Amino acid sequence: MAQQEPREGRLRPARRLTLAEDVYESIKTLVMDHILPPGERVNIDALARELDVSPTPVREALARLEADGLVRKRPLSGYTTTPLLSRTEFDDLFDVRQLLEGATAGRAATHASAEARQRISAEAAASIDVEAGDGYRRHAAFTALDAKFHDLIAEVSGSPLLRDTITRLHSHLHLHRLYFPVAGAPDTNTEHQRIAAAIVAGDAAAATEAMRAHLCAARERHLPAFDQPPTPGTPRDSA
């Protein structure tokens, strides 16, 4: 009878995945909290020493953060953190979101199955609260749930291309890195519920309008970021 492979060997990849995820979340928090300031070169060896790991999981985390749009890799110069959104980029982002996400909400109202409508309703009913604490970790759950709700609508819209395009905007990470309006959480919950109600009712026009109204309100909640002095070394476009 053939001997089975040791069970211990099968668990090592899981531990490695846990380490990789921990390093990714740690570095992501440093970027989101500006401990690694916008536009700054990332020192892989220094991060590895600080996190008490080898450089390998740090490089893996930076590759994921590049996909998130939070760092950039340049030939022969390594990684740098991405600059904050300028006012022009901020306005452009919301213009694009209005077009794309308004369309996905309308399509979702038309194309979503009964099961998908239930999922959207359940996500909207889940209260997006801001937990106690400091910095990015304080509102990381809000960021994740908010992004999940928008992604779910894009998923059930019936257009993989629309969903992929919206995902590639990385809007939630960029906006919350720029400025997180804590007082806006209750408003966001109410706005999500209005969008969900229109989709569940199968009203494409109302769903489109509710999504656009939500994005317009979210834009207004983030605008005070541009009334604050810019972080040294990260000039903002005054246009």
Side-chain angles (χ1 to χ4, degrees), residues 23-44 46-47 50-51 58-59 61-75 77-101 128 130-131 133-151 165-185 187-188 191 214-239:
V23 172
Y24 165 75
E25 289 295 341
S26 295
I27 299 176
K28 181 179 179 181
T29 299
L30 294 176
V31 175
M32 295 293 284
D33 282 342
H34 298 193
I35 296 170
L36 286 174
E40 182 169 286
R41 185 175 181 277
V42 178
N43 187 319
I44 293 176
L47 277 176
E50 183 177 345
L51 298 172
V58 174
R59 291 192 182 94
L62 290 173
R64 288 180 63 184
L65 291 168
E66 183 182 18
D68 291 339
L70 293 178
V71 301
R72 295 174 180 172
K73 187 176 184 181
R74 300 185 183 280
S77 61
Y79 288 96
T80 59
T81 53
T82 54
L84 296 179
L85 292 174
S86 69
R87 175 61 190 270
T88 299
E89 291 167 335
F90 171 85
D91 287 336
D92 192 36
L93 173 63
F94 271 95
D95 286 345
V96 172
R97 290 188 70 187
Q98 288 271 0
L99 290 171
L100 295 180
E101 296 198 54
I128 306 180
V130 179
E131 298 180 355
D134 296 318
Y136 170 65
R137 291 189 186 278
R138 180 183 181 193
H139 55 84
F142 181 107
T143 305
L145 287 172
D146 188 26
K148 184 179 178 182
F149 178 75
H150 285 262
D151 180 66
T165 303
I166 291 169
T167 299
R168 289 176 183 274
L169 292 175
H170 307 297
S171 58
H172 295 81
L173 292 176
H174 286 309
L175 291 173
H176 291 172
R177 184 175 171 226
L178 174 68
Y179 168 76
F180 182 75
V182 175
D187 293 331
T188 298
E191 291 157 14
H214 165 52
L215 293 174
C216 183
R219 179 182 182 277
E220 293 300 315
R221 287 193 286 268
H222 282 88
L223 274 177
F226 297 97
D227 295 328
Q228 301 169 1
T231 303
T234 57
R236 294 197 179 109
D237 188 343
S238 59

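On a predicted model such as this, the values are computed, not experimentally measured, just so you know. The figures here come from the full heavy-atom set of this structure, side chains too, leaving out hydrogens, waters and symmetry mates.
Listed for the Thr82 side chain is a donor-acceptor partner under 3.5 Å among the backbone atoms of Gly69. A donor-acceptor distance shorter than 3.5 angstrom exists from the side chain of His170 to the backbone of Ala67, with no hydrogens or angles considered. Side chain of His34 to backbone of Arg177: a donor-acceptor contact under 3.5 angstrom is found.
The shortest heavy-atom contact between Pro38 and Pro83 is CB-CA, 4.1 Å. A pairwise comparison of heavy atoms in Tyr136 and Lys28 identifies OH-CE, 3.4 Å as the closest pair. Between Ala225 and Tyr179, the shortest heavy-atom contact is CB-CB, 3.3 Å. In terms of heavy-atom proximity, Asp68 sits nearest to Leu173 at CB-CD1, 3.8 Å. Across all non-hydrogen atoms, the minimal contact from Gln98 to Cys216 is NE2-N, 3.5 Å. Taking every heavy atom of both residues into account, Glu101 and Leu215 meet most closely at CB-CD1, 4.0 Å.
Side-chain contact between His172 and His150 is present, with at least one heavy-atom pair separated by less than 4.5 Å. Taking the side chain as every heavy atom from C-beta outward, Leu47 and Val23 never approach each other to under 4.5 Å. The closest side-chain heavy-atom distance from Leu175 to Thr143 is not below 4.5 Å. Contact of the Thr188 side chain with the His214 side chain is registered, since non-hydrogen atoms from C-beta on lie closer than 4.5 Å. Using a 4.5 Å heavy-atom cutoff, the side chains of Ile27 and Val42 are not in contact.
Leu84 contributes atom CG, which lies 9.5 Å from atom CD of Glu89 (distance to the nearest 0.5 angstrom). Annotation: the span from Asp92 atom CG to Ser86 atom OG amounts to 9.0 Å, rounded to 0.5 Å. One finds the OG1 atom of Thr80 at 9.5 Å from the CD atom of Glu66 (value rounded to the nearest 0.5 Å). Interatomic distance, CG of Leu65 versus CG of Leu30, reported as 10.0 Å (0.5 Å rounding). Rounded to the nearest 0.5 angstrom, Thr29 OG1 and Met32 CE are separated by 8.5 Å. Annotation: the span from Phe94 atom CZ to Leu169 atom CG amounts to 11.0 Å, rounded to 0.5 Å.
Tested against Leu70 for a side-chain contact (heavy atoms from CB on, under 4.5 Å), the candidates Thr81, Leu62, Leu36, Val31 yield a single pass: Val31.
At least one cation-pi condition fails for Arg87 and Phe90: the charged atom is not both under 6.0 angstrom from the six-membered ring centre and inside a 45 degree cone around its axis.
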